[in-house]
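Worksheet: one structure, shown below.
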Amino acid sequence: MSKWRIIAKHEYLTNIKRKEFLFITFVIPLFIFAIMGLSFLLIGIGGHNEENKIGYVDNTGLFDPSNLTKYTDEDLARKDLLDNKITNYFVIPENYTATGKIIIYSSKKNFADNMKIEEQIRNFLLDNLLKNEPSDIIQRIKKPLDPEYFTLNEKGLKSEDSGFEIILLPLVFSMLFSISIFASSGFLLQSVIEEKENRIMEVILSSVSHKDLLTGKIIGLGALGLTQVFIYLTIAAVILLINPLALYLIISQIHISIPLLAAGIIYFILGYIVFAGIMAGVGAIATTSREGQQIAVIFSLTGSFPFMFSQFIVTNPNEIFAKALSIFPLTSPITMIMRLSITDVPFYEIIISIFVLVFSAYFTIEISVRIFRASLLMYGKKPTIKELIKYVRQG
Amino acid sequence: MENAVRVLNLSKSFNGQNVVRDISFDISKGEVFGLIGPNGAGKTTIIRMLLDIIRPDSGEIRILDDRLSEETKNRIGYLPEERGLYKKLTVFETLTYLGALKEIDSEKRATFLLDKMGMLQHRDKKISELSKGMQQKIQIIAAIIHDPDFIILDEPFSGLDPVNMKLVKELIMELGKEGKTIIISTHMMDQVERMCSRIFMIHKGEGVLYGKIEEIKSRYGKNTVLLEFEGELKNIQGIKKMNNSGNYAELILEPGADPTEVLKKLAEMVRINKFELSMPSLNEIFIRVVEGT
């Protein structure tokens, strides 16, 4: 067994037992799903528990009281509202048919309720305005379309789309995906600094070359990251199978196609190698783990750019901004996954971004090995930028 | 005799400061060799260059008749000065991993060496549960886990209590008898004096003494008195220099001084437990070299 494989195996087996790994792998995705499910549940519960009692004051004389309380005097309505006999009332002004203006009063501020109240008022108004129409026409006017989307491609095959998926799939997928990239490259940083801090690095280097050490670490922790992605997918599949009611609507919309998965794995590996290479270099320079984290944050922040602009990328996946982010190596893996899952990205763009990533991966590792070699054992002394450039040049 | 190590005109500087300057020495196979000098003299830098952990600016290094390759690394054992182990691994996991990096299956030998160093009952404890002295012993075991031909020990005695010091010394002597080539790098000259046949002494990055200990000493003549005493020792006529440690002293006689006369004068002043006419210690020689006397 070549030496980098021994190191890879060691890194994999020791890091998979870390509490941080278990936390990130199992707790965070459940946390994300829990928050999503909870907010979904809360909206549902809110609607069923509290029925709004709505009153109205009609100044046009056009509206009959069906399920709402009619007040002839606005003062009476106000009194009932303050006495909590009703939750809302609205005033239909005389010029309503010309302006459509409705003034709504409520006893407490509740943004979430407003939509439901509007819905109730809308139905009430429509029922009255259309009282001479057949009931199925009234139903159609209330809900004129129930959309289903399909995408046609050159082969004439169609895939089913839906509005919800468009936002959710790329976000959730790329979020878990980047958690894995950041986590495993973070473990690499930690592992380099730990070996420096506990001084075992020198013993290791008397047995293996710098390059074998770095290769072993990058591959071992990369395998760890892939394991994590695999666990995420499994968890997603399990949740999909169990189908708790609240999650059903979210999860059932997500379908991850095989080509997307393949692209995801390729971008994951390349993106990870770029970050891992950078973290190895940072680890070699940093004197303490805190210092290492501080430098690393600069790169992780840059890497999480696609999330800060996710709304923009998702709504404009083929704009120049999204294209630029999908070429820049620190942001391209996540941006590309977002774009690929919602739109057809031109093939040449994929090729360019992969080419840039491969080149960057090679380049960062080459530079990191040199920095590693030159500054690894300078305990307690951080090299200056000038020295770093010298190390890289000397090779 | 064949050379285990050959160092030719080795130089290294960090940030314009010469840490090692134009150093050359050979170590024969099966020799116990002392690399000595004060802290910061450049000993660790030389060792790191021998192991290709850092690269020399100029000069040549040959180890076991070869440029250092991954193959050769498997035949070298190294105990660095900066000690450390994985805190969360167990003793046995640590030893087998470090053995695996030398491409050997080390389970049997790990058990054997743990037993020999009286550590077998701690086999499955985590490193962080061990005392500092125990960790030291684990590190020494780790350095020889793969039964190397060539062993580099950087400050092997630092942090050891007398019992463990003896244990480690015996281990080194035994390895020497087995025909291993051993470098002991230390600033504790008295240890080297008893264990090594030849030394290389470095001061401020430059080689100052090199050769057999006996030869070096005889160059400085038999003009030293090793004295064990009780009482207060003051300087007397006939003594050029005195290294007084309280109840032990090394006295350097003036040229032509009569040791018997010195003994008489000393006997009037203090109670003498031991009086030995000897060659100067390496320590004394080193001080003279550094002070340029």
Side-chain angles (χ1 to χ4, degrees), chain A residues 1-20 190-191 193-213 215-217 220 284 369-370 372-384 386-388 390-391 394-395, chain B residues 14-16 44-45 47-55 57 63 68-90 93-106 127-128 135 138-143 145-146 148 150-154:
Chain A
M1 191 147 64
S2 38
K3 289 182 175 177
W4 67 260
R5 283 169 63 187
I6 302 165
I7 289 173
K9 189 176 149 203
H10 173 79
E11 290 292 336
Y12 184 87
L13 291 177
T14 47
N15 280 289
I16 206 164
K17 289 186 225 149
R18 268 182 201 262
K19 287 187 201 83
E20 296 96 316
Q190 230 172 322
S191 138
I193 291 180
E194 259 177 33
E195 286 187 357
K196 261 174 81 167
E197 276 180 341
N198 67 23
R199 305 294 197 244
I200 202 161
M201 188 67 96
E202 207 168 341
V203 176
I204 307 273
L205 285 177
S206 73
S207 302
V208 304
S209 68
H210 296 75
K211 199 156 197 163
D212 271 353
L213 177 60
T215 313
K217 279 184 186 296
V369 168
R370 291 178 182 195
F372 217 61
R373 188 171 181 113
S375 62
L376 203 53
L377 295 171
M378 305 276 187
Y379 295 123
K381 205 171 73 184
K382 199 170 54 172
T384 61
K386 212 169 119 191
E387 282 167 336
L388 280 182
K390 199 182 88 186
Y391 296 156
Q394 282 173 347
Chain B
F14 289 119
N15 304 324
T44 300
T45 306
I47 289 172
R48 286 179 179 168
M49 285 191 281
L50 288 180
L51 289 163
D52 195 37
I53 293 172
I54 51 179
R55 278 194 187 138
D57 295 339
I63 292 200
L68 191 69
S69 65
E70 293 304 304
E71 283 276 285
T72 350
K73 278 187 181 177
N74 292 345
R75 294 167 64 198
I76 304 175
Y78 176 39
L79 175 72
E81 182 184 6
E82 301 266 11
R83 304 289 156 76
L85 293 164
Y86 294 108
K87 298 209 162 46
K88 287 176 194 162
L89 293 192
T90 68
E93 282 169 339
T94 306
L95 292 177
T96 45
Y97 175 53
L98 294 175
L101 289 178
K102 298 288 191 184
E103 297 182 291
I104 64 138
D105 187 15
S106 46
I127 297 290
S128 53
Q135 292 191 22
I138 298 299
Q139 278 156 339
I140 292 169
I141 294 173
I145 189 76
H146 52 300
F150 175 32
I151 302 161
I152 301 174
L153 304 168
D154 200 353

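Just so you know, these numbers use all the heavy atoms, side chains as well, and skip hydrogens, waters and symmetry mates. Residue numbers begin at 1 in each chain, while the letters A, B, ... track the order of the sequences. The model shown is predicted, which means the values in this text are computed figures rather than measured ones.
Judged purely by distance below 3.5 Å, without hydrogens or angles, the side chains of A:N198 and B:K88 never pair a donor atom with an acceptor atom.
Of the listed residues B:A142, B:A100, B:G84, the one with more heavy-atom pairs under 4.5 angstrom with chain A than any other is B:G84. Per-residue heavy-atom pair counts under 4.5 Å with chain A were compared for B:L85, B:L51, B:L98, B:L79, and the maximum is reached by B:L85.
When heavy atoms are compared at a cutoff of 4.5 Å, B:I152 does not approach chain A at all. Heavy atoms closer than 4.5 Å to chain A are found nowhere in B:I76, neither backbone nor side chain.
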CA sep, side-chain torsions, deciding dist, call: B:E93, A:L13, side chain to side chain contact (heavy atoms under 4.5 Å, CB included) = CA-CA 12 Å; B:E93 282 169 339; A:L13 291 177; over 6 Å; no
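The aromatic rings of B:Y86 and A:H10 sit tilted, their planes meeting at an angle between 30° and 60°.
Going from atom CD1 of A:I204 over to atom OH of B:Y78 covers 13.0 Å, rounded to the nearest 0.5 Å. Rounded to the nearest 0.5 Å, atoms CG (B:N74) and OG (A:S207) are 7.5 Å apart.
The two atoms that bring A:K3 and B:K73 nearest to each other are NZ-CB, 4.4 Å, heavy atoms only. Listed here is the closest heavy atom pair of A:D212 and B:E70: OD2-OE1, 4.5 Å.
For the pair A:E202 and B:R48, the salt-bridge criterion is met [side-chain N within less than 4.0 Å of a carboxylate O].
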